[in-house]
Number of protein chains: 2
Amino acid sequence: MSERSGTEDLRRRNLSAVLTAAHRYGPLTRATLVQRCNLTRSTIGALVGELSALGLVYETDAATVRVGRPSPMVHANERVVALAVNPDVDAVTVGVVGLGGTVHRRIRYNTASVPSLDEAVNITRAVVEGLSVELAGSTHVLGVGLAVPGLVNVDSGVVRLAPHLGWSEADVVGPFRDALGMPAVAANDATLGTLAESIFGAAAGYRDALYLNGSASGIGGGAIVGGQPLGGASGYAGEFGHMVIRPDGEPCHCGRRGCLETEVNLERLLDVVGLDHADAEQLEDALGPGLPFPVLREIRRQTEVLAIGLSNLVNVFNPQMIVLGGFLGVLLASDKERLSAAVAAGPISGLGTEVRLERAALGVELLLVGAAEAVFTRLLTEPRSVASRQESGVRPS
Amino acid sequence: MSERSGTEDLRRRNLSAVLTAAHRYGPLTRATLVQRCNLTRSTIGALVGELSALGLVYETDAATVRVGRPSPMVHANERVVALAVNPDVDAVTVGVVGLGGTVHRRIRYNTASVPSLDEAVNITRAVVEGLSVELAGSTHVLGVGLAVPGLVNVDSGVVRLAPHLGWSEADVVGPFRDALGMPAVAANDATLGTLAESIFGAAAGYRDALYLNGSASGIGGGAIVGGQPLGGASGYAGEFGHMVIRPDGEPCHCGRRGCLETEVNLERLLDVVGLDHADAEQLEDALGPGLPFPVLREIRRQTEVLAIGLSNLVNVFNPQMIVLGGFLGVLLASDKERLSAAVAAGPISGLGTEVRLERAALGVELLLVGAAEAVFTRLLTEPRSVASRQESGVRPS
DNA sequence: GTGCTAAGTTTACGTTCAGAACAAATACGC
DNA sequence: GCGTATTTGTTCTGAACGTAAACTTAGCAC
């Protein structure tokens, strides 16, 4: 109701549509933009011109060979960048991500122990200072996005609880903003992973999708509802790992029993395979053909419990597809038929048969892309907001 | 991306904002509209003028007594109506609902047996014919909305399965459209109930809310996500009743075991109270103080299982509030402390403490309001779409 | 080289909203 | 009862924006 209006709001929308198209769907010809945005050639020309003047896009010669006047390619300017930070139990990963989703740099800083908030800030500041030359080549550094493994209030930027980091009731946005001298946004890591997969990954193009990620810390996820990420009242939505599946099951650190993540669990999987916790990456190799029975049994058990959880979520969300990442992706790969069949059969009235199960497409860049995307959001909806820091729209090589 | 643009799209948005405000928030002064819609007096004047010419709103003299020029009240024209139909196992209920949410008429036609689709259509046609005089006084009859207790594909208007009605894979929109000679839309009853409660009921004003309704047929519900109803890929979202809570529990008619609606169940409640199934309405009276232990135990058991289900949903959606209707509302009323405490404690990290539990505010009119709302949706987003059937904007009494 | 085709560019025009100036309608103070 | 302050509706002008049509450009095909 209280949305802006006026004729320049229309311009904002159209600038947003063009920039978002260039960002999400890669370099596009102007002619394609005309179709995609449902605007005339003249308007697209004006919009691209303005975005170009703002330094947000640049044009290159046409690539296609075709009859008729060539239509230049419109690129999102990858020199407009966001910083992305992912503090984790054993490392702080910092990335530089350009508009268009390109990860220019990814620096993983291993820590001897679980980093405190101060340490995470200091590490980030040090890494970013090391990148200063590189960042000087960027047209804009829009801000920093934080992917935090825990409950993050996206409005206030306060971490309510990040159990594995030991952070609680801590303002994370403030310290990073002050240390780096740029706007900061924070959100739950799995929520940002959902965002990344829905834009550049396996869920690209789907308007109703779910993402679940399994790691040593448990199971997190997120939902895309009508093309928009599900945030909830404060950004805490998507805690699929604490869906109770068996009220009389194993106790969970959350205080309840039989949560999805106590039943479907990386640790248990590594145990039966005989791997150390540090070898999570090798899990997939260890799950080749000809597995001993106890391993098969555990995979089967976890697959079946996971299917119950997914079926519940299908009943709740009626999604078009579900993306599985981390060891849940390994589970899917190791016995896709079983999981697919169980998810097809679980939800009521065969609703599950219409759901596609896909493995996550983005790898180590997932959280960096997602965190950067959270920073880009404002620019994408209000391209003119960058005007204050306007520079010449230098076109890269 | 493929949204329309152009300057008259802006007008559409603003007309929609004004009409929606009048519809949802009752009669408003023009001055209030200026604030709510963030538009100038001149623009609001033009918009109200156009809506008035379209017959969608009318103005009356100012009601408030205050310094300054009086600002006229803008009313959504309640003579612009939608028909609403709710076929159920023992009756077909037909309603006439005006813009603004007023239920002008509600006619419950009891059936001897479960009505077939043809019977439901014929009953509706007969009832509507009987209302012809009344409807002739309406400026517009926009269409008919169908609240169906089952899985409804909202895009195609096909009922995939309505177990209690025995309908399956049946196009319901077509027959109603043809029989009544007006546009028809169909959706799941609980989804429409969610819509109604979120606009005119207990969830009004909340952008992230859940609704769960319990009846003899089971538990259904819906979600409001960011102010918008959650539909899912095909409109099947919100089947909360078939969330598996105990995989080794009682078998459910859906084929699985331990679904929420097999554990939290009206029939079991009536059994311990000693009431017949037909007496569901008297359930609340029977649950006064001083209940025998077996009744208390069953109430407690169902409350605790319900709390698990609600906690799961809080983890998933992070809603601001949850609305409970039907016998779930009775459960809430009978032991609000227990349920509130359990929902506060269930979700991770005290997320539940921020969730309000409310009983549904709309009574017998719930589904009629919701079904009508589904019809109004198009008019509210595109007020000019009514132009073809334009008439004089007669103002009621 | 000529013609065809697709697309960028320019221009005239219509729609829409904001803002300012003005008019209207009411309460309040005297 | 009258003037003033206040609030809001109304009218008019100007600016922003997108569309449509005419024109121009650039490449392919023959």
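Each chain gets a letter, A, B and so on, in the order the sequences are listed, and its residues count up from 1.
Relative to the axis of its first five pairs, the axis of the last five pairs of the helix from dG1(C)-dC30(D) to dC30(C)-dG1(D) sits at 0°, rounded to 10 degrees.
No donor-acceptor pair closer than 3.5 Å links the side chain of His104(A) to the backbone N or O of Val97(A). Although no hydrogens or angles enter the test, the distance criterion places a donor-acceptor pair under 3.5 Å between the side chain of Ser198(A) and the main chain of Leu195(A). At distances below 3.5 Å, at least one donor-acceptor pair connects side-chain atoms of Glu197(B) with backbone N or O atoms of Leu362(B). At least one donor-acceptor pair under 3.5 Å links the side chain of Ser16(B) to the backbone N or O of Leu380(B).
Contact annotation for Thr43(A): base contact, defined as any heavy-atom pair under 4.0 Å involving a base atom.
Gln228(A) places none of its side-chain heavy atoms less than 4.5 Å from the side chain of Gln228(B). At a threshold of 4.5 Å between non-hydrogen side-chain atoms, the residues His23(B) and Glu373(B) count as touching. Val74(B) has its side chain out of reach of Thr32(B): every pair of non-hydrogen atoms, C-beta onward, lies at least 4.5 Å apart.
Rounded to whole Å, atom P of dG14(C) lies 17 Å from atom CZ of Arg11(B). In this structure, the CG atom of Leu15(A) is 8 Å from the P atom of dC17(D), given to the nearest Å. Following rounding to the nearest Å, Arg13(B) (CZ) and dG18(D) (P) show an atom-to-atom distance of 12 Å. We find that CD1 of Ile44(B) is positioned 17 Å from C1' of dT11(D), with the value rounded to whole Å. Summarising the geometry, the separation between CD on Glu8(A) and C1' on dG14(D) is reported as 14 Å, rounded to the nearest angstrom. In this structure, Gln35(B) places its CD atom 11 Å from P of dG9(D), rounding to the nearest Å. For the pair Asp61(B) CG and dT8(D) C1', the computed distance is 14 Å after rounding to whole Å. Atom CG of Leu39(A) is separated from atom P of dA7(C) by 16 Å (rounded to the nearest Å).
For Thr7(B) and dT16(C), a side-chain-to-base donor-acceptor distance below 3.5 Å is absent, hydrogens and geometry of angles not being considered.
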*Encode nucleotides 20-30 of chain C as B, S and - characters from 5' to 3', where the letter depends on protein heavy atoms closer than 4.0 Å: B to the base, S only to sugar-phosphate, - to neither.*
-B--BBBS---
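For Ser71(B), whose side chain is taken as the heavy atoms from C-beta onward, the closest listed nucleotide among dG18(D), dG9(D), dG8(C) is dG9(D). Each of dG9(D), dC17(D), dT16(C) was ranked by its minimum atom distance to the side chain of Arg384(A); first place goes to dC17(D).
Dashed line: the shortest gap from a side-chain N or O of Asn14(B) to OP1 or OP2 of dC17(C) is under 4.0 Å.
The side-chain contact (heavy atoms from CB on, under 4.5 Å) test applied to Thr194(B) returns Tyr211(B), Ile224(B), not counting sequence neighbours.
The structure places CG of Leu39(B) at 13.0 Å from CZ of Arg30(B), a figure rounded to the nearest 0.5 Å.
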